[in-house]
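Structure first, then comments.
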There are 2 protein chains.
Amino acid sequence: MAVSIKDVAREAGVSIATVSRVLNDIDVVNEETKKKVLDAIKDLGYRPNIVARSLKTQRTKTIGILVPDISSQVYPEIVRGAEDVANIYDYNIILCNSDYDMDKEKEYLRVLKEKMVDGLLYMSISLEEKTINLVNDLDLKTVLVETKDEKGIFPSVTIDDIQALYDSTKYLIDKGAKKIAFIGTKQEEVNAVTKRYKGYEKALLENGLELDEDLRYFDGFKVKTGYNGIEKFLESKKDFDAVVCSSDEIAMGAINALRDHGKRVPEDVSVIGFSNINMSEVFYPKITTVAEPMYDMGSIAMRMLIKLVNKKEVEQQHYILDHKIVERNSCK
Amino acid sequence: MAVSIKDVAREAGVSIATVSRVLNDIDVVNEETKKKVLDAIKDLGYRPNIVARSLKTQRTKTIGILVPDISSQVYPEIVRGAEDVANIYDYNIILCNSDYDMDKEKEYLRVLKEKMVDGLLYMSISLEEKTINLVNDLDLKTVLVETKDEKGIFPSVTIDDIQALYDSTKYLIDKGAKKIAFIGTKQEEVNAVTKRYKGYEKALLENGLELDEDLRYFDGFKVKTGYNGIEKFLESKKDFDAVVCSSDEIAMGAINALRDHGKRVPEDVSVIGFSNINMSEVFYPKITTVAEPMYDMGSIAMRMLIKLVNKKEVEQQHYILDHKIVERNSCK
DNA sequence: TTGAAAGCGCTAACAC
DNA sequence: GTGTTAGCGCTTTCAA
């Protein structure tokens, strides 16, 4: 077994209580004894056992992060922001991929609780009743990122998704687009990405443009969705001069489909993306998109969570960060 | 405090030992008592405290993963593979971003040890002497992914980087390229990516092609590197008809630079990438690249690590997975 | 300023 | 088949 606090105590000729005190910078331990202990720690190469400490203090200094899929494009950035902040405050993160699978999600939640994480960063599906109850039962301090629960019970860090899509649609309208199509996720699913459609709808309606069933396509948020969406529009033979997408990957798929079918972007059709993932400015043409501050969402959420965990005041329960349109070359 | 094993014991009218036994499926606990215990567990909503269990068993069922940066393109995929396997065996992962920073790395290693992770998946820099010693001192069961230590002390899962670059270069040669440039990482750094240059060199030499200092560029592995590399080549006024890149992002940057300077890919210059990240087939033109099985690297490594942790035999110490060239549209 | 000892929640050796 | 108990490594109260 590794060297424990006992060994240090023996080596330093003091009690384990004293060792514990210097370990935790507590009280006024006599400078000399302190030095003895420090020396012993060094000599023995002692490192405290955090599991034991956690059992006693009921705090593990680790935070659970639940994401749908770390190998998709937006989450790594958010997680990175979160981890950086966690690291500053000496927390570590346990990463879990839910795949939007409720059962997997529940199991993770339970295990996270069993492992006594101090808090949870949740960015999977929009929390519905059942999950809310579970999180409550589990009594996990939770902050939602890029999503919200219906009732706003949990603190959250998001952007205004509806407004963001409204803005991107409006951007196209202001540029003179008349027939604007939409590609996004299935509407049955309840999450932030889903809501984006509403912004599109609103912008069209408010600006006297017609909603055309043939010019919207609901599926996922991957490249394939964008590609298929365009093919569907083309098949419908309806004219369209712009496409609003609810992710950058969709935009890429859309642009590729357009190109494959002999349409030029942005000359024939403008395409606007969403999120501003790294690749959107590497793609050709560079994608005009509405940027959400992914890294910041992660870091702000983690900062808030850590405050919550330590029972500090948080200034706000719901952070709504700014989005902004990044003009590049996919819209004319 | 949450409900503990004691509460369950009391509720079921048995001893905590018995509860522990049914929890761990041990011995032949009488079916009736077992039922009583199970009922009590259910009634009380009891969930074992894994921290306490870990302290006792000295196993935490969690694995540390050290990556340079989860928000870069290849690691999410590897981590995803690793997490999926971990999940199957009821392990969780603690994710750490090292940024190739030795100090950060060492600190993480220490904390991971303090938190008693059962093992470590390491995919940062190629392990050099100092880090090796630390890992040894810490006595962490370790598997390296996408990298190796000089002496091959640690088990590893990699591809044959040199051969892979050799193959991609050879591919270009076979297609008739005569003046082949190279863009990759700085040669001072010691890691897998760095070695890739050697494969390029070897292919040129073995095939009677000349190495031209003006036609190689060493910097990083991001898009920018590829872009700058091309500009340097162009400035040198040397002719080149193909570019070998040690990452797909480099290839993207290179292609963009070529386009910006009026060169067509692949008509004027062929460009081959490395890794086969998702985006390489979304990019325009679709990138021909040598694919490394990222997800598999992660999952195989995790499987091996879990075996090691459980003192099971591993069939192999060093897995070298197959790479293969994926032909798309960036080479003629 | 320091030490003794209880106890965090669990497993496992030992006894019955 | 079941219970008692020691102890994993630490923090913290209480007493000295």
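Each chain gets a letter, A, B and so on, in the order the sequences are listed, and its residues count up from 1.
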Side-chain N or O of K34(B) less than 4.0 angstrom from OP1 or OP2 on dG1(D)?
no

Enumerate donor-acceptor pairs with a distance under 3.5 Å from any side-chain N or O in residues 296-306 of chain B to protein atoms, sequence neighbours excluded.
{"from": "S299(B)", "atom 1": "OG", "to": "Y295(B)", "atom 2": "O", "distance (Å)": "3.3"}
{"from": "S299(B)", "atom 1": "OG", "to": "D296(B)", "atom 2": "O", "distance (Å)": "3.2"}

Do you see a donor-acceptor pair shorter than 3.5 Å between the side chains of N97(B) and Y108(B)?
no

Looking only at the side chain of S15(B) (C-beta and beyond, no hydrogens), which of the listed nucleotides dG3(D), dC8(C), dT1(C) gets closest?
dG3(D)

Once you round it to whole Å, what is the distance between P of dC10(D) and NZ of K6(A)?
10 Å

Atom NZ of K36(A) to atom C1' of dT2(C): distance rounded to whole Å?
11 Å

Which residues share a side chain to side chain contact (heavy atoms under 4.5 Å, CB included) with E315(A), sequence neighbours left out:
K307(A), Y319(A)

Whole-Å distance separating the CD atom of Q58(B) from the C1' atom of dA12(C):
13 Å

Atom CG of N49(A) and atom C1' of dC8(C) are separated, to the nearest Å, by 13 Å

Pairs under 3.5 angstrom only: tabulate donor-acceptor contacts from the side chains of residues 111-118 of chain B to other protein residues two or more places apart or in another chain.
{"from": "K113(B)", "atom 1": "NZ", "to": "L138(B)", "atom 2": "O", "distance (Å)": "2.7"}
{"from": "E114(B)", "atom 1": "OE2", "to": "R47(A)", "atom 2": "NH1", "distance (Å)": "2.7"}
{"from": "K115(B)", "atom 1": "NZ", "to": "T60(A)", "atom 2": "O", "distance (Å)": "3.4"}
{"from": "K115(B)", "atom 1": "NZ", "to": "K61(A)", "atom 2": "O", "distance (Å)": "2.6"}
{"from": "K115(B)", "atom 1": "NZ", "to": "N92(A)", "atom 2": "OD1", "distance (Å)": "2.8"}
{"from": "D118(B)", "atom 1": "OD1", "to": "T60(B)", "atom 2": "N", "distance (Å)": "2.9"}
{"from": "D118(B)", "atom 1": "OD1", "to": "T60(B)", "atom 2": "OG1", "distance (Å)": "3.4"}
{"from": "D118(B)", "atom 1": "OD2", "to": "T60(B)", "atom 2": "N", "distance (Å)": "3.4"}
{"from": "D118(B)", "atom 1": "OD2", "to": "K61(B)", "atom 2": "N", "distance (Å)": "2.7"}

Whole angstrom is fine here: how far is it from CG in D7(A) over to P in dC8(D)?
11 Å

Can you measure M116(A) atom CE to dC10(D) atom C1' for me and round it to whole angstrom units?
13 Å

Would you give a per-nucleotide map of nucleotides 11-16 of chain D, 5' to 3', where B means the base has a protein non-hydrogen atom under 4.0 Å away, S means only the sugar-phosphate does, and - means neither?
BBB---

Within the structure shown, what part of the strands sits under 4.0 Å from S54(B) by heavy-atom distance: base, sugar-phosphate, or nothing?
nothing

Run through I65(B), L109(B), V309(B), L144(B) and flag the one making a side-chain contact (heavy atoms from CB on, under 4.5 Å) with L120(B).
L109(B)

State whether a side-chain donor-acceptor pair under 3.5 Å links Y122(A) with E105(A).
yes

Heavy-atom distance under 4.5 Å between the side chains of V51(B) and R53(A), does that happen here?
no

For the helix from dT1(C)-dA16(D) to dC16(C)-dG1(D), figure out the bend between the end axes, five pairs an end, and round to 10 degrees.
40°

Under the side chain to side chain contact (heavy atoms under 4.5 Å, CB included) test, which residues partner K42(B), sequence neighbours left out?
none

Between dT2(C) (P) and E32(A) (CD): distance, integer Å:
9 Å

d(CG, L55(A); P, dG7(D)) in whole Å
17 Å

Counting side-chain heavy atoms from CB outward, which of dT2(C), dC8(C), dC10(C) is closest to T33(A)?
dT2(C)

Please pick, from dT2(C), dG9(D), dG3(D), the nucleotide with the shortest atom-to-atom distance to any side-chain atom of V14(B).
dG3(D)

Determine whether L321(A) and E292(A) make a side-chain contact, defined as any pair of heavy atoms from C-beta on separated by less than 4.5 Å.
no

